[in-house]
*Asks:* 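Starting off with a structure, shown below.
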There are 2 protein chains.
Amino acid sequence: MRNPAEILIVEDDAPIRKFLRASLSAEDYRVHEAMTASEGMAQWLARQPDLVLLDLGLPDQDGFTVIRQIRQTALTPIIVLSARGREKDKVEALDLGADDFVAKPFAIGELLARIRALLRRAARIREGVDGATFRATEIEVDLAGRVVRVRGEEVHLTPIEFRLLQALVRHAGKVVTHRQLLVDVWGPQHSEQAQYLRVYMGQLRRKLERDSARPRFLITEPGVGYRLVEG
Amino acid sequence: MRNPAEILIVEDDAPIRKFLRASLSAEDYRVHEAMTASEGMAQWLARQPDLVLLDLGLPDQDGFTVIRQIRQTALTPIIVLSARGREKDKVEALDLGADDFVAKPFAIGELLARIRALLRRAARIREGVDGATFRATEIEVDLAGRVVRVRGEEVHLTPIEFRLLQALVRHAGKVVTHRQLLVDVWGPQHSEQAQYLRVYMGQLRRKLERDSARPRFLITEPGVGYRLVEG
DNA sequence: CCGTACCTTAACGAAATCTTTACACCGGCG
DNA sequence: CGCCGGTGTAAAGATTTCGTTAAGGTACGG
């Protein structure tokens, strides 16, 4: 990441765009702007920004196209801005690979916090810290080496089992939604196949838990998702 | 927020306006005044105050219009002043996005306390402390991780319980109307099912409060809604 | 061609959650 | 005093979501 980070704003509403530019410049980000989806794509190609702020309600095409196109070639963090209450938009945008969602009207402080968080995460991934090792009392996961040990014993996991565990480890201690897990492990087109999760969580528990009927690490959050607790 | 904070008073009654100006100036706030709704909007645009005190009984238009217009573009805290007994006005103003209400005649000390609370909260949001986790003395809510801790202990919440708590946390300190909570958690088609709220507020209190019969965080505002107070 | 490992899919009992109903409580008011 | 609206509590279904198992199906190496 360059320092300062470069941020691309794709937003047709002039006052909001101006406001964003001012707020971001004040935080020492370098700002690029686009008013339409196609101009946004052009700017993205030209500038290769570190993060994209994307309004969904654009004049020429919808913002979803922009997400799709960017995600075809890059993992640049994308924050979607959209009118409040468009729950469907939110789900669709996140399914297409957007990283976060902020409803308008928004509090600028919150938006800045989310930008910082995503830039931090992107930096971590670039530095390969993601390939480190996760340790809990009884479970040890070597993400780079693809090795899992339980109470000292090495345990063999199938590819999908490992990807699933990896997705949980990345957010250790936090709830990961069904949708997130499915998109991460099986891809966006399987984001509704919650049955996969039931089967594979069962298999992971059989391999990792002492008593798979009373799991201590792989916790179910009914109606929401799963969570890996440390310790 | 500038220091001192700037407060806009929109109030047609001269004695009250004068009294407010004196009280607020004594607290070192910078005060702007307007006597009508349209003048209020003009002042708001010109001054971009940190907080608005709004009387609902204005001569030219009603105060509701002012709330609507401000909320189209900003989250500036709004405290509504309303004559006693106008319960419906109060609820409508809050539904439109007002943050708090004070009935006339009011105790100046209480009004000042609510102003301080809203300014504090607005400052925190600007600094981006919100968005991720909410902290009160005994309760900690990790919104991203969907984890709730009470006095250190992790507490499990069902999906609806969590969404309800989340809706309260998002507006921590301010009154949230029955309608807003119902729309947020159950959707627009259930905006009249106030019984849901009684059942689930009861469950939240049982899980979060020391003594659910004497709640300290989840406060009932009879006839209006509920309020989460930060310990 | 066969065996092995793995993935997908369906079926069904169990568990958790949500909805609905019933009733007690409280304060104000005729 | 009884009535009433708004509120809080408890519990019985109804409904949704989970976990488990097992039966194909596919890919790959020997």
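Sequence lines set the chain letters: A, B, ... in the order given, protein chains first and strands last, and positions in each chain run from 1.
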*Asks:* If every non-hydrogen atom of H178(B) is compared with every non-hydrogen atom of G223(B), which pair is closest and at what distance?
*Replies:*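 For H178(B) versus G223(B), the nearest heavy atoms are CE1-C, 4.1 Å.
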*Asks:* Rounded to the nearest 0.5 Å, what's the gap from CD1 on I78(B) to CG on L118(B)? Could you check?
*Replies:*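 I78(B) atom CD1 to L118(B) atom CG measures 10.5 Å (nearest 0.5 Å).
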*Asks:* Could you tell me the separation between the CG atom of L164(B) and the C1' atom of dC18(C), rounded to a whole number of Å?
*Replies:*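 To the nearest whole Å, that distance equals 14 Å.
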*Asks:* I'd like to know if R227(A) pairs up with E154(B) as an ion pair, taking the criterion as any Lys NZ or Arg NE/NH1/NH2 lying under 4.0 Å from an Asp or Glu carboxylate oxygen.
*Replies:*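 Yes, charged N to carboxylate O under 4.0 Å.
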*Asks:* To the nearest angstrom, how far is H156(A) atom NE2 from dT4(C) atom P?
*Replies:*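 Those two atoms, NE2 and P, are 15 Å apart.
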*Asks:* Salt bridge (Lys or Arg N to Asp or Glu O under 4.0 Å) with E192(B): which residues, sequence neighbours excluded?
*Replies:*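 E192(B) satisfies salt bridge (Lys or Arg N to Asp or Glu O under 4.0 Å) with R179(B) only.
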*Asks:* What nucleotide among dT9(C), dG19(D), dT9(D) has an atom nearest to a side-chain atom of R205(A)?
*Replies:*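 Nearest to the side chain of R205(A) among the choices is dG19(D).
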*Asks:* Please give, in whole Å, the distance from dC6(C) P to K207(A) NZ?
*Replies:*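 Distance, rounded to whole Å: 6 Å.
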*Asks:* Between dC18(D), dA22(C), dC7(C), which one does the side chain of Q195(B) approach most closely?
*Replies:*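 Looking only at heavy atoms from C-beta outward on Q195(B), the closest nucleotide is dA22(C).
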*Asks:* What does L197(A) touch in the nucleic acid at a heavy-atom separation under 4.0 angstrom: a base, only the sugar-phosphate, or nothing?
*Replies:*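 Here L197(A) touches no strand at all.
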*Asks:* Tell me, do Q193(A) and V199(A) make a side-chain contact under 4.5 Å, heavy atoms counted?
*Replies:*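 Counting from C-beta outward, Q193(A) and V199(A) never come under 4.5 Å.
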*Asks:* Nearest to the side chain of S212(B) - dT7(D), dT20(D), dT9(D)?
*Replies:*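 Between dT7(D), dT20(D), dT9(D), the one nearest the side chain of S212(B) would be dT9(D).
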*Asks:* The side chain of Y226(A) is closest to which nucleotide in this list: dT9(C), dC6(C), dC18(D)?
*Replies:*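 Output: dC18(D).
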*Asks:* Between L157(A) (CG) and dC7(C) (P), how many Å, whole number?
*Replies:*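 So the CG-P distance, L157(A) to dC7(C), works out to 10 Å.
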*Asks:* Would you please confirm or rule out a distance under 4.0 Å between OP1 or OP2 of dC7(C) and any side-chain N or O of Y196(A)?
*Replies:*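 Indeed not, no polar side-chain atom of Y196(A) lies that close.
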*Asks:* Between H178(B) and Q203(B), which residue's closest nucleotide on DNA chain D lies nearer the 5′ terminus?
*Replies:*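 Residue closer to the 5' terminus by nearest nucleotide: H178(B).
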*Asks:* Checking all strands, does H190(B) fall into the base, sugar-phosphate, or nothing category for heavy-atom contacts under 4.0 angstrom?
*Replies:*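 No contact at all - H190(B) keeps every heavy atom at 4.0 Å or more from the nucleic acid.
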*Asks:* How close or far is atom P of dT9(C) from atom CG of L182(A), stated in whole angstroms?
*Replies:*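 One finds 12 Å between P of dT9(C) and CG of L182(A), rounded.
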*Asks:* Counting just side-chain N and O atoms, does W186(A) come under 4.0 Å of either OP1 or OP2 of dC7(C)?
*Replies:*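 No, outside the criterion.
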*Asks:* For R198(B) and dT7(D), is the shortest distance between a side-chain N/O and OP1 or OP2 below 4.0 Å?
*Replies:*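 The answer is yes; a side-chain N or O of R198(B) sits under 4.0 Å from OP1 or OP2.
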*Asks:* Report the nucleotide, chosen from dC7(C), dT19(C), dT9(C), that has the shortest atom-to-atom distance to any side-chain atom of I160(A).
*Replies:*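 It is dC7(C).
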*Asks:* Quick check on dA16(C): is either OP1 or OP2 less than 4.0 Å from any side-chain nitrogen or oxygen of T220(A)?
*Replies:*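 It does not, given that no N or O in the side chain of T220(A) lies less than 4.0 Å from OP1 or OP2 of dA16(C).
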